[in-house]
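Since the structure comes first, as structure tokens, the remarks are kept for the end.
Everything numeric in this text was worked out from a predicted model, so none of it was measured.
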Amino acid sequence: NPMPKAPPRTRRGYGAYVVGDVHCRLDLLDRLLALIEADVEQTPARKSLLVFLGDLIDRGPDSRAVVERLRTYQHDRLKPYFLAGNHEEVLLRLLTGERGILSSWLQFGGAECLQSYGLDPASLRDVGETAALAEVKKAIPTEHARFIGGFADTLSFGDYLLVHAGLRPKVDLSLQSQSDLRWIRSPFLEDESDHGMMVVHGHTISPAVEERPNRIGIDTGAYRTGVLTALVLEGTERRILNTAKAEVGTEPAAH
């Protein structure tokens, strides 16, 4: 009989708070950070990482404020790490002047993002693409572009691999394409093979944290459900903190 597999564990002496797709909900981000800060005070012995799995921006109302809050975030017990989602990727590509993606970005949350930076997306309709891209570039402060441009693609943490979207199954981590790490859904979501580590990801919305033998999905659709989730990892333990528990007596809206 094969030995039962040991449960995945974090780096010794370390914990992590892994946060799913924020999508500009500053209200939920502030509430979740307060829960995380209260939680980390209960565990004085360990060092903790605070990891965001990408898609901080777009869709919700407060892109600019969310980016500023996290760009300047400091806490003596939490070391922040940021991974790039597909929404950050598209914004960075627009800022380098890439053509052909602006109109789809505006439909998938970019319009709200620009509004938060004081640019009326309707004003881009009547100018050519080159002029529109120049306006987008002007609207995003350099320090925000630099902050987002510094996001990593993956973070290995003990037996866990943290990533925005997932992995291409049966492909070594060193050979994964950046586009899969930020965009993949199928075949990753259906795949049941052992990736050699437990993959924690966002990107694909599920009604609750989705725990599978080889992956854990933590994007609970904050921008439309009001539930922003953090997965707490320490040793072999896993817990969940989310903004739903803080809303006593309100039913989440049906979607």
Side-chain angles (χ1 to χ4, degrees), residues 14 16-26 28-30 32-33 36 48-60 62-75 78-98 101 105 108-110 112-114 116-117 136-137 139-157 160-168 173-185 188 197 199-205 215-219 222-223 228-231 233:
Y14 280 81
Y17 297 88
V18 187
V19 180
D21 304 31
V22 176
H23 277 309
C24 307
R25 287 292 301 268
L26 181 66
L28 303 178
L29 175 62
D30 281 339
L32 189 62
L33 285 172
I36 289 170
S48 295
L49 314 186
L50 173 61
V51 186
F52 289 86
L53 293 182
D55 284 7
L56 301 180
I57 61 170
D58 298 353
R59 300 203 195 273
D62 298 313
S63 278
R64 183 183 189 134
V66 164
V67 172
E68 187 61 17
R69 174 92 164 91
L70 293 175
R71 184 181 78 83
T72 57
Y73 183 77
Q74 287 179 314
H75 187 284
L78 292 163
K79 185 168 172 46
Y81 285 86
F82 300 93
L83 303 183
N86 53 304
H87 285 262
E88 281 84 15
E89 176 188 300
V90 172
L91 177 60
L92 291 169
R93 285 161 61 187
L94 290 166
L95 293 176
T96 64
E98 183 176 329
I101 55 177
W105 179 66
F108 290 103
E112 295 88 333
C113 179
L114 289 181
S116 77
Y117 283 100
V136 171
K137 189 163 181 160
I140 310 291
T142 318
E143 61 271 24
H144 283 206
R146 198 177 298 133
F147 170 61
I148 293 168
F151 292 4
D153 283 318
T154 60
L155 180 65
S156 298
F157 185 63
Y160 289 95
L161 180 82
L162 314 180
V163 63
H164 177 63
L167 303 176
R168 174 79 42 191
L173 182 60
S174 63
L175 302 172
Q176 294 284 335
S177 79
Q178 190 175 64
S179 121
D180 281 337
L181 299 173
R182 295 174 177 182
W183 293 86
I184 199 166
R185 293 191 208 276
F188 168 70
M197 52 212 129
V199 179
V200 180
H201 65 94
H203 187 55
T204 298
I205 294 173
R215 67 176 180 85
I216 304 170
I218 66 166
D219 179 4
Y223 71 93
L228 179 62
T229 297
L231 179 68
L233 305 173

key: Verdict with reasoning, Leu161 to Leu167, per side chain to side chain contact (heavy atoms under 4.5 Å, CB included)   = CA-CA 10 Å; Leu161 180 82; Leu167 303 176; 3.7 Å; yes

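- A distance of 5.0 Å separates CG in Leu29 from CG in Leu70, rounded to the nearest 0.5 Å.
- A donor atom on one side chain and an acceptor atom on the other are not found under 3.5 Å apart for His144 and Arg64.
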key: Test log, rule side chain to side chain contact (heavy atoms under 4.5 Å, CB included), inputs Trp105 and Arg93   = CA-CA 11 Å; Trp105 179 66; Arg93 285 161 61 187; over 6 Å; no

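- Closest approach of Ala165 to Asp180, counting heavy atoms only: CB-O, 3.8 Å.
- Side-chain contact check for Asp55 versus Asn86: some heavy-atom pair is nearer than 4.5 Å.
- To the nearest 0.5 angstrom, Thr154 atom OG1 is 8.5 Å from Leu162 atom CG.
- At least one side-chain heavy atom of Leu33 sits under 4.5 Å from a side-chain heavy atom of Tyr73.
- The nearest pair of heavy atoms linking Arg25 to Tyr223 is NH1-O, 3.3 Å.
- At distances below 3.5 Å, at least one donor-acceptor pair connects side-chain atoms of Asp21 with backbone N or O atoms of His203.
- Rounded to the nearest 0.5 Å, atoms CG (Asp219) and NE2 (His164) are 7.5 Å apart.
- Taking both residues in full, the closest heavy atoms of Leu26 and Arg69 are given as CD1-CB, 4.2 Å, listed atom of the first, atom of the second, then distance.
- Note: Phe108 CZ to Ile101 CD1 = 13.0 Å, rounded to the nearest 0.5 Å.
- When every heavy atom of Asp58 is checked against every heavy atom of Cys113, the shortest pair comes out as OD1-CB, 3.2 Å.
- Side-chain contact between Leu32 and Val22 is absent, with no heavy atoms from C-beta onward closer than 4.5 Å.
- Looking only at side-chain heavy atoms (C-beta outward), Val136 and Leu95 come within less than 4.5 Å of each other.
- The minimum heavy-atom distance between Ile57 and Glu88, with the atom names listed, is N-OE2, 3.7 Å.
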message = Run the side chain to side chain contact (heavy atoms under 4.5 Å, CB included) test on Leu78 and Ser48 for me, step by step, so that the C-alpha distance in whole Å, both residues' side-chain angles and the decisive distance to 0.1 Å come before the verdict.
response = CA-CA 5 Å; Leu78 292 163; Ser48 295; 3.8 Å; yes

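- The distance from the CG atom of Leu28 to the OG1 atom of Thr229 is 10.0 Å, given to the nearest 0.5 Å.
- Glu89 has its side chain within reach of Trp183: a pair of non-hydrogen atoms, C-beta onward, lies under 4.5 Å apart.
- Between Phe52 and Phe151, the distance separating the two ring centers is not shorter than 6.0 angstrom.
- Residues Val18 and Leu53 are in side-chain contact: their nearest non-hydrogen atoms beyond the backbone lie under 4.5 Å apart.
- Atom OH of Tyr117 has more than 12 neighbouring heavy atoms from other residues, nucleotides or ligands inside a 6.0 Å radius.
- The structure places OG1 of Thr72 at 8.5 Å from CZ of Phe147, a figure rounded to the nearest 0.5 Å.
- The pair Arg146-Glu143 does not count as a salt bridge, with every side-chain nitrogen at least 4.0 angstrom from each carboxylate oxygen.
- For the pair Leu173/Met197, a side-chain contact is recorded, criterion being any heavy-atom separation below 4.5 Å from C-beta on.
- Side-chain contact between Leu49 and Leu155: present, with at least one pair of heavy atoms (C-beta onward) separated by less than 4.5 Å.
- The minimum heavy-atom distance between Ala230 and Val19, with the atom names listed, is CB-CG2, 4.1 Å.
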